[in-house]
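To start, the structure under review is shown below, and the notes come after it.
The model shown is predicted, which means the values in this text are computed figures rather than measured ones. Chain A is the first sequence line, chain B the second, and so forth, proteins listed ahead of strands; every chain is numbered from 1. Basis for what follows: all heavy atoms, side chains included, without hydrogens, waters or symmetry-related copies.
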2 protein chains.
Amino acid sequence: MAEVTTSLSIGQVAERTGLSVHALRFYEHEGLFVNPVQRGSGGRRIYSQDDVDWLTVCIILRASGMPLPALRRYADLVRKGAGNEEERLTVLREHQAHVTTQIGRLTECLDLITFKVGVYEDLLDQGGAADHQCHASSPSTDEEQPPISSASS
Amino acid sequence: MAEVTTSLSIGQVAERTGLSVHALRFYEHEGLFVNPVQRGSGGRRIYSQDDVDWLTVCIILRASGMPLPALRRYADLVRKGAGNEEERLTVLREHQAHVTTQIGRLTECLDLITFKVGVYEDLLDQGGAADHQCHASSPSTDEEQPPISSASS
DNA sequence: CTAGGATCTAGAGTCGGCTCTAGGTCAACC
DNA sequence: GGTTGACCTAGAGCCGACTCTAGATCCTAG
C-alpha cells in the first residue's frame with residue numbers, strides 16, 4: 001500500500017511485458033492505449049501499472065490473432081468510458097468466435113498430421129520400405145490406403 | 001475406371017483446391033511440388049490428380065502454420081523417394097508439436113476472452129453502469145475484481 | 001479473320017506488424 | 001568535461017506469402 005502510482009520507463013515496461021520498446025512506441029502511435037501515455041522530463045514516456053495491465057490484455061488479444069485495427073476499436077470504446085459495454089461485448093464475442101473456429105481448424109489439421117505421423121510410424125515399425133512414395137490420406141473418408149493411385153505423403 | 005490419368009489445367013486446379021492460379025505458379029516456383037508439373041501445348045501446365053492430392057496436403061500444412069521453407073524441405077524428402085521416412089517423420093512430428101502448442105496457447109487466450117465476456121454479460125445483466133472503466137482480470141490469480149486500481153477492460 | 005478468354009513469364013507491389021536506423025536530447029557518473 | 005546509456009522522433013526497411021501487372025502466346029468460337 002506504499003506506492004500511490006507506479007511509474008515505469010519504456011524500458012521497464014518492455015522488460016515486464018515482453019514487448020520491445022519499438023513495439024510500445026508503435027502501439028502508442030497506433031492509438032492502442034486507453035489513456036494517453038504520460039510524459040516526464042525531456043518528453044520521456046512514463047507508464048503506470050494500469051498501462052501495463054492494459055498491455056497484457058492487448059498481448060492476449062494479439063496472441064489470439066486480433067488484428068491491430070480491431071484492437072484499436074476496442075481501445076477506443078474503453079477510452080470513451082462507461083455506456084458502450086454492449087459494443088465492447090460485441091467486439092469480444094466476435095473475437096471469441098474467431099478464436100474458437102481457429103482452434104477448430106487447427107484441431108482438424110492436427111488430426112490429419114497425427115494420422116500421417118501414425119502411418120509413418122507403422123511403416124518404420126514394419127521395417128518395410130515401400131518401393132515408392134506412400135500416401136497418408138484423410139483418416140475418415142472412404143479411402144484408407146488407396147491401392148494404386150495417389151502418391152502424396 | 002475410364003480415365004488413366006486425370007489432366008487438369010491450372011484454372012481447374014485453382015477451382016478445386018481454392019488456391020489462386022498465382023499461388024499455384026508461385027508454389028511451383030518455390031519448389032513445393034513433388035513431381036515437376038507437366039507442360040502441354042504452348043507450355044501450359046498440366047496437373048494430375050496426384051498433384052491435387054499433394055496440394056491438399058500442402059494446404060493442410062500451411063493452414064496449420066507450416067512455413068514455406070519447411071514445406072519445401074518436406075517436399076524435397078518426398079521427391080527423393082523411399083529411404084528417408086525417419087526424416088519425414090521428424091518434420092511431421094515437429095510440426096505436430098507446433099500445432100499442439102499453438103492450440104494450447106489459443107485455448108488459454110480463449111479462456112481469458114471468455115472470462116471477460118462473462119464479466120461484461122454480468123455487468124449488463126445487472127443493468128449497472130459502473131462509473132468508470134471496469135476491469136476483467138485473469139480468472140485464476142489472486143485478484144478477481146480489484147477494488148480500486150487497475151482499469152483495463 | 002477476329003475477338004475473347006485462358007494461359008504464359010518475369011518481376012513489381014501489397015499487407016500486417018513490427019524492427020531498425022539516423023540523428024538528436026538528457027541525466028548520471030568518473 | 002567527456003562518455004556512457006536510455007530515451008526521443010520520423011521514417012525507412014524487412015519478412016512471409018502471396019497478389020497483381022505488363023506484355024506475349026495460344027486456342028476456340030463466331
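- A distance of 7.0 Å separates CD1 of B:Ile46 from OG of B:Ser41, quoted to the nearest 0.5 Å.
- Between A:Glu87 and A:Arg73, no side-chain nitrogen of the basic residue sits less than 4.0 Å from a carboxylate oxygen of the acidic one, so the salt-bridge criterion is not met.
- For B:Arg93 and B:Glu86, the salt-bridge test fails: no basic side-chain N is under 4.0 Å from an acidic carboxylate O.
- Contact annotation: B:Ser9 side-chain N/O to C:dT7 OP1/OP2 distance is under 4.0 Å.
- Using modelled atom types, no side-chain atom of A:Ser64 and backbone atom of B:Leu106 make a donor-acceptor pair closer than 3.5 Å.
- The nucleotide range of DNA chain D contacted by chain B, defined by atoms under 4.0 angstrom from heavy atoms of the protein and reported 5' to 3', is D:dA17 to D:dC27.
- Remark: side-chain polar atoms of A:Arg45 are not paired, donor with acceptor, to backbone N or O of A:Arg39 under 3.5 angstrom.
- Residues B:Tyr74 and B:Arg88 have side chains that never bring a donor and an acceptor to within less than 3.5 angstrom of each other.
- Proximity of A:Leu89 to A:Glu85: side-chain heavy atoms (C-beta onward) are nowhere separated by under 4.5 Å.
- One finds the CG atom of B:Leu8 at 10.0 Å from the OG1 atom of B:Thr17 (value rounded to the nearest 0.5 Å).
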- Quick one, give me the B/S/- string for nucleotides 9-20 of chain C, reading 5' to 3', where B means a protein heavy atom under 4.0 Å from the base and S means that only happens at the primed atoms, P, OP1 or OP2. B-------SBBB
